[in-house]
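Notes follow once the structure below has been shown.
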Amino acid sequence: MEKRVRVRFAPSPTGGLHMGGVRTALFNYLFAKRHGGDFILRIEDTDQTRFVEGAEQYIIDALKWCGISPNEGVGFGDGPHKPYRQSERKASGIYKKYADKLIASGHAYYAFDTSEELDEMRKRLEAAKVVAPQYNAITRQNMRNSITLSAEEVQKLLAEGKPYVVRLNVPRNEEIRFNDIIRGWVVVNSAQVDDKVLLKSDGMPTYHLAHIVDDIEMQISHAVRGEEWLPSAPGHILIYRYLGLENDMPKLAHLPLILNPDGNGKISKRESRFPVFPLSWKDPREATPFIGYKESGYFPEAFVNVLALLGWNPGTNEEIFSLEEIAKVFDLERVHKSGAKFDPEKAKWFNQQYLRKHSDKELAALFKPTLIEKGYGNLSEQFIEDYCRLVKEKAQFVHEFWQYGSFILEEPTSYDEKVMAKKWNADVKALFVKLVDKFTALQKWDAHELHECFAAATTELGKLDMQVMRVLVTGVAGGPQLFDVMALIGKEKTLERFKTAFSKN
RNA sequence: GGCCCGUUCGUCUAGGGGUUAGGACACGUCCCUUUCACGGAUGAAACACGGGUUCGAUUCCCGUACGGGCUACCA
C-alpha cells in the first residue's frame with residue numbers, strides 16, 4: 001500500500017527565509033495538497049551557534065503571507081509528532097538513541113580529534129597533494145577514534161568525559177545509488193563520501209542524523225529539498241541502510257536552484273537590485289534591513305505564482321494560477337532538472353495581472369494610506385475608487401497609482417514643453433478659449449458630456465488637439481482617459497486649470 | 001582541483017527520432033484611439049559544440065565546452 005503523503009519544510013532559523021526557501025516550501029505544500037497529504041513545518045535548530053533572533057518567527061510570518069500553511073508544525077499548531085523543533089526533540093534522547101544503534105552495529109564510531117588535529121590532518125593532506133581532504137576510510141586510520149584506539153582507551157576517554165563526536169563509518173569503496181524523483185538514478189562511490197559527523201561534541205545531532213531520525217519518526221513520505229543537498233544524499237542513504245530503514249525512507253526529490261538573473265550563482269540577498277525576501281528582513285547582526293516583496297508592493301498571489309512557475313509548469317500555456325488551481329495539477333515529475341534564473345521584469349508583469357483582478361474598492365483601500373500620506377485624507381471613498389479605476393490599467397503596483405494620477409489632485413506647476421513647443425500658438429489658444437466657454441456652459445459634467453461637447457466644438461471650430469488639452473489640464477503628456485480625468489477633477493477645478501493655463505502660456 | 005547535477009529564443013519555458021521547433025516576459029512595427037492606456041496583429045530571436053546510433057537527431061548514447069551545486073563538529 002502506498003504511504004500517506006507527508007512532506008516537510010525544514011528550514012534552520014539562521015536568517016530570513018529567502019525566495020529559494022519559499023519555493024521549496026511551496027513545492028512541498030503543493031505536493032501535499034495534490035495528494036491529499038500533510039505538510040509539516042519543522043525547525044532545524046541543531047546549530048546553536050548560528051541561531052538568529054527573530055528568524056523563526058520570520059519564517060512563520062513569511063509562510064503565512066504567502067498562503068502556504070502547514071497543517072502541523074512550529075507556529076501552526078501541534079500535531080501527533082510534536083515537538084517540531086529539533087532542539088526540543090533532542091530532550092527525549094531520540095537522536096542519541098539512533099546514534100547508539102549505529103555504534104552498536106559498527107556503522108558509526110567515536111572520534112576524539114580536536115579541531116586543531118582536524119586542521120593538521122587537512123594541511124598534511126593538502127601538502128601531500130591530496131585534492132579533497134576528508135575524514136574517510138583512509139584518513140581515519142591516522143586519527144584518534146574508536147577504530148584506531150583500543151577498547152580500553154576508548155572507555156577511559158569516555159569515562160573521563162573527553163569531548164567526542166560520533167561519525168558514520170563509510171565503506172571505502174562501494175557504489176551507492178538512489179532514484180531521485182526529479183533526476184532519476186544518481187550513482188556515487190562511497191569513496192567520495194566522508195565519515196559524516198552524526199553527533200556533535202555538544203551532544204546535538206547534525207543535520208544529517210537529525211533529519212533522518214525526524215523524517216522516520218514523523219513518517220515523512222517524500223523529502224523534497226534543494227539541489228544543494230544532492231551531494232550529501234548518498235551519505236544519507238547509508239545512514240538509512242545501516243539503521244535498517246532503507247525501505248521506510250522517504251523518496252527523494254532534489255529541486256533545481258533559483259539563480260541570479262544576471263548570471264551566476266544561486267540567488268543571494270546581497271548584490272541584487274530586486275527583493276529576495278518575501279517580507280522585509282532585519283537581521284539583528286546587520287545595520288540595514290532587506291526590503292521584501294510585500295513591502296515592494298507585490299501581492300502574495302503574484303509572488304507565489306511567479307515562484308511556482310520557476311522550475312515547474314503545467315504543460316499548458318496558462319500562467320496565471322491560484323494556489324488552489326496549481327495544487328490540482330502539480331506534480332514533482334514535471335519539475336525541471338536545471339536551475340532557473342529569476343526574471344524581475346516578469347515578476348512585475350505577474351503583479352500587474354493580479355492588480356487587474358482586484359476591484360476598484362479593494363485597490364482604493366490599498367491606495368488610501370498613500371493618499372493620506374500625501375495629505376489627501378479627506379477624499380470620499382467614491383472619489384478614491386474612481387481614481388483607482390482610471391489609473392490602474394497602466395500600473396503594475398498600487399504604489400504607482402500616485403505617480404500615474406497625482407495630477408488629478410494637484411494642479412500643474414509646469415506644462416510639458418515638448419507638446420507645447422510643437423503644438424501651442426496664439427491661434428490654438430484662441431480656439432481653446434472658445435472651447436472652454438462651451439465647457440463652462442455644460443449643465444452636466446461627466447466624461448460622456450465632455451466628449452460630446454468636445455466633438456461638437458471640433459466640427460464647429462475646427463481641429464482641437466486632445467494632447468494639448470491634456471497638457472493644459474494636467475501639465476503632462478500622458479495619463480488615463482482625458483475626459484474621465486476631467487470629470488473626476490470636477491467642473492469648477494477643471495475650468496480654473498484652463499484659466500491658469502491660458503494665463504501662463 | 002575532485003565529485004555530483006545540468007544545458008531549447010536575452011529570460012521563463014512547451015515539445016520530442018521526421019514539427020514552418022509552440023507560448024509568455026522584455027524589445028521592434030502596425031492596427032484601434034483626435035489624448036493616454038489597455039487590447040489586437042505582427043516581427044526579430046533558440047535546440048552549446050564534436051563524434052556516434054539511425055534512412056533520419058534538437059530529441060537516444062559518448063565525449064568536449066560552459067554553467068551550477070557540494071567539498072565543516074552549517075544547514
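Both backbone and side-chain heavy atoms feed into the values below; hydrogens, waters and symmetry mates do not. Note that this is a predicted model, so its numbers are computed, not measured.
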Q) Taking the P atom of each, how far is B/U53 from B/A65, in whole Å? A) 23 Å
Q | Options B/G22, B/U13, B/C3, nucleotide nearest the side-chain atoms of A/Asn317 | A | B/G22
Q: Check every atom of B/U35, B/G68, B/U13 against the side chain of A/Leu259 and return the nucleotide holding the closest atom.
A: B/G68
**Q.** Side-chain donor/acceptor contact of A/Lys346 with base of B/A24 under 3.5 Å
**A.** yes
**Q.** Distance in angstrom units between A/Lys422 NZ and B/U34 P, rounded
**A.** 17 Å
**Q.** Pairwise P distance for B/A48 and B/G10, with rounding to whole Å
**A.** 11 Å
**Q.** Spacing between A/Lys357 atom NZ and B/C38 atom P, to the nearest angstrom
**A.** 19 Å
Q: Could you walk me through whether A/Glu120 and A/Lys123 pass the salt bridge (charged side-chain N to carboxylate O under 4.0 Å, His left out) test, one step at a time?
A: CA-CA 5 Å; A/Glu120 271 172 41; A/Lys123 275 188 197 132; over 6 Å; no
Q. For A/Glu417, does the CD atom sit with more than 12 other heavy atoms under 6.0 Å from it, leaving out its own atoms?
A. no
Q.
Rounding to an integer number of Å, can you tell me how far A/Ile43 CD1 sits from B/C74 P?
A. 18 Å
Q. Which of these nucleotides, B/C12, B/U35, B/G68, is closest to any side-chain atom of A/Lys341?
A. B/C12
**Q.** G-U wobble or Watson-Crick pairing nucleotide for B/A24 (cut-off 3.5 Å, both distances)
**A.** B/U11
Q.
Any base atoms under 4.0 Å from A/Ala477, or only sugar-phosphate, or nothing? Heavy atoms, all strands.
A. sugar-phosphate
Q: Answer with base, sugar-phosphate or nothing: what part of the nucleic acid does A/Phe454 contact at a heavy-atom distance below 4.0 Å?
A: base
**Q.** B/C4 OP1/OP2 closer than 4.0 Å to side-chain N/O of A/Arg177
**A.** no
(Q) With rounding to the closest Å, how many angstrom separate the P atoms on B/C25 and B/G40? (A) 9 Å
**Q.** Quiz item: A/Gln192 side-chain donor-acceptor pair to B/U71 base, under 3.5 Å
**A.** no
**Q.** Rounded distance in Å between the P positions of B/U64 and B/C4
**A.** 12 Å
Q: Would you kindly give the CG-to-P distance between A/Asp194 and B/U71, to the nearest whole Å?
A: 9 Å
Q) Between B/G69, B/G6, B/A37, which nucleotide gets closest to the side-chain atoms of A/Lys394? A) B/A37
Q: Just compare B/C74, B/U34, B/C70 and give me whichever is closest to any side-chain atom of A/Lys463.
A: B/U34
Q. So, is A/Asn313 close to the B/A14 phosphate, meaning a side-chain N or O under 4.0 Å from OP1 or OP2?
A. yes
Q.
Using the ring centroid of each side chain, check whether A/His236 and A/Phe178 are separated by less than 6.0 Å.
A. no
Q. Does any nucleotide pair with B/U34 by Watson-Crick or G-U wobble geometry, both distances under 3.5 Å, and what is it?
A. none
**Q.** Minimum-distance nucleotide to A/Met466 side chain [options: B/U34, B/G68, B/C73]
**A.** B/U34
Q) Quick one: A/Leu464 CG to B/U34 P, roughly how many Å, whole number? A) 14 Å
Q | C1' spacing across the pair B/C9 / B/A46, given as an integer number of angstrom | A | 4 Å
Q.
Roughly how many Å apart are B/A21 and B/C47, using the P atom of each and rounding to a whole number?
A. 12 Å
Q. From the list B/C74, B/G69, B/A26, which nucleotide is the closest neighbour of the side chain of A/Pro231?
A. B/G69
Q.
Between A/Arg334 and A/Asp331, does any side-chain N to carboxylate O distance fall below 4.0 Å?
A. no
Q. What is the nucleic acid contact for A/Asp113, judged by heavy atoms within less than 4.0 Å: base, sugar-phosphate only, or nothing?
A. base
Q. How is A/Val197 classified with respect to the nucleic acid when contacts are heavy atoms under 4.0 Å: base, sugar-phosphate, or nothing?
A. sugar-phosphate
Q: Could you tell me whether A/Arg85 and A/Glu56 have a side-chain N and a carboxylate O separated by less than 4.0 Å?
A: yes
Q. Is the ring centre of A/Tyr354 less than 6.0 Å from the ring centre of A/Phe299?
A. no
Q: Starting from C1' on B/A75, measure out to CG on A/Leu257 and report it in whole angstrom.
A: 14 Å
Q | Nucleotide nearest A/Thr206 when distance is taken to its side chain, options B/A24, B/A75, B/C36 | A | B/A75
**Q.** Per A/Arg334 side chain, nearest of listed nucleotides B/G15, B/G68, B/G10
**A.** B/G15
Give every donor-acceptor pair under 3.5 Å between a side-chain atom in residues 466-474 of chain A and any protein atom, sequence neighbours left out.
unit_1, atom_1, unit_2, atom_2, d
A/Gln467, OE1, A/Lys423, NZ, 3.0
A/Gln467, NE2, A/Ala477, O, 3.4
A/Arg470, NH1, A/Pro480, O, 3.2
A/Arg470, NH2, A/Gly479, O, 3.4
A/Arg470, NH2, A/Pro480, O, 2.8
A/Thr474, OG1, A/Arg470, O, 2.8
A/Thr474, OG1, A/Val476, N, 3.2
A/Thr474, OG1, A/Val476, O, 3.2

Q. Checking all strands, does A/Glu44 fall into the base, sugar-phosphate, or nothing category for heavy-atom contacts under 4.0 angstrom?
A. sugar-phosphate
Q. Hey, are A/Asp100 and A/Lys97 close enough for a salt bridge, meaning a charged N less than 4.0 Å from a carboxylate O?
A. no
Q. Is any side-chain nitrogen or oxygen of A/His336 closer than 4.0 Å to OP1 or OP2 of B/A14?
A. yes
Q: With P as the reference atom in both, quote the distance from B/A14 to B/U71 in angstrom, rounded to an integer.
A: 29 Å
Q: Between A/Gly462 and A/Arg167, just flag the one whose closest nucleotide in RNA chain B comes earlier from the 5' side.
A: A/Gly462
Q.
Would you say that A/Val188 contacts A/Val186 through its side chain, given a criterion of any heavy-atom pair below 4.5 Å between the two side chains?
A. yes
Q | Listed nucleotide nearest any side-chain atom of A/Glu393, set B/C5, B/A75, B/C38 | A | B/C38
Q.
Just N and O in the side chain of A/Lys348: are any of them under 4.0 Å from OP1 or OP2 of B/A24?
A. no
Q.
Students often get this wrong, so: under 4.0 angstrom with heavy atoms, is A/Val186 touching a base, only sugar-phosphate, or nothing?
A. sugar-phosphate
Q | d(CG, A/Leu125; P, B/A72) in whole Å | A | 12 Å
Q. Expressed as a whole number of Å, how far does the P atom of B/G6 sit from that of B/U42?
A. 38 Å
(Q) Just the rounded figure in Å: distance from C1' of B/C74 to CD of A/Glu228. (A) 12 Å
Q: Looking at every strand, decide which applies to A/Leu309 at a 4.0 Å heavy-atom threshold: base, sugar-phosphate, or nothing.
A: sugar-phosphate
(Q) On the nucleotide B/C36, are OP1 or OP2 found under 4.0 Å from the side-chain N or O atoms that A/Gln467 carries? (A) yes
Q. So do A/Lys438 and A/Lys434 actually touch side chain to side chain, heavy atoms under 4.5 Å?
A. no
(Q) Go nucleotide by nucleotide along RNA chain B from the 5' end; which of A/Ala111 and A/Arg356 gets its closest nucleotide reached first? (A) A/Arg356
Q. Can you find a donor-acceptor pair, distance only, under 3.5 Å between A/Arg50 side chain and B/C74 base?
A. yes
Q: Establish, with yes or no, whether the OP1 or OP2 oxygen of B/C5 is under 4.0 angstrom from a side-chain nitrogen or oxygen of A/Ser338.
A: no
Q: Remember a base hit wins even if backbone is also touched, and classify A/Gly226 as base, sugar-phosphate or nothing at under 4.0 Å, heavy atoms.
A: nothing
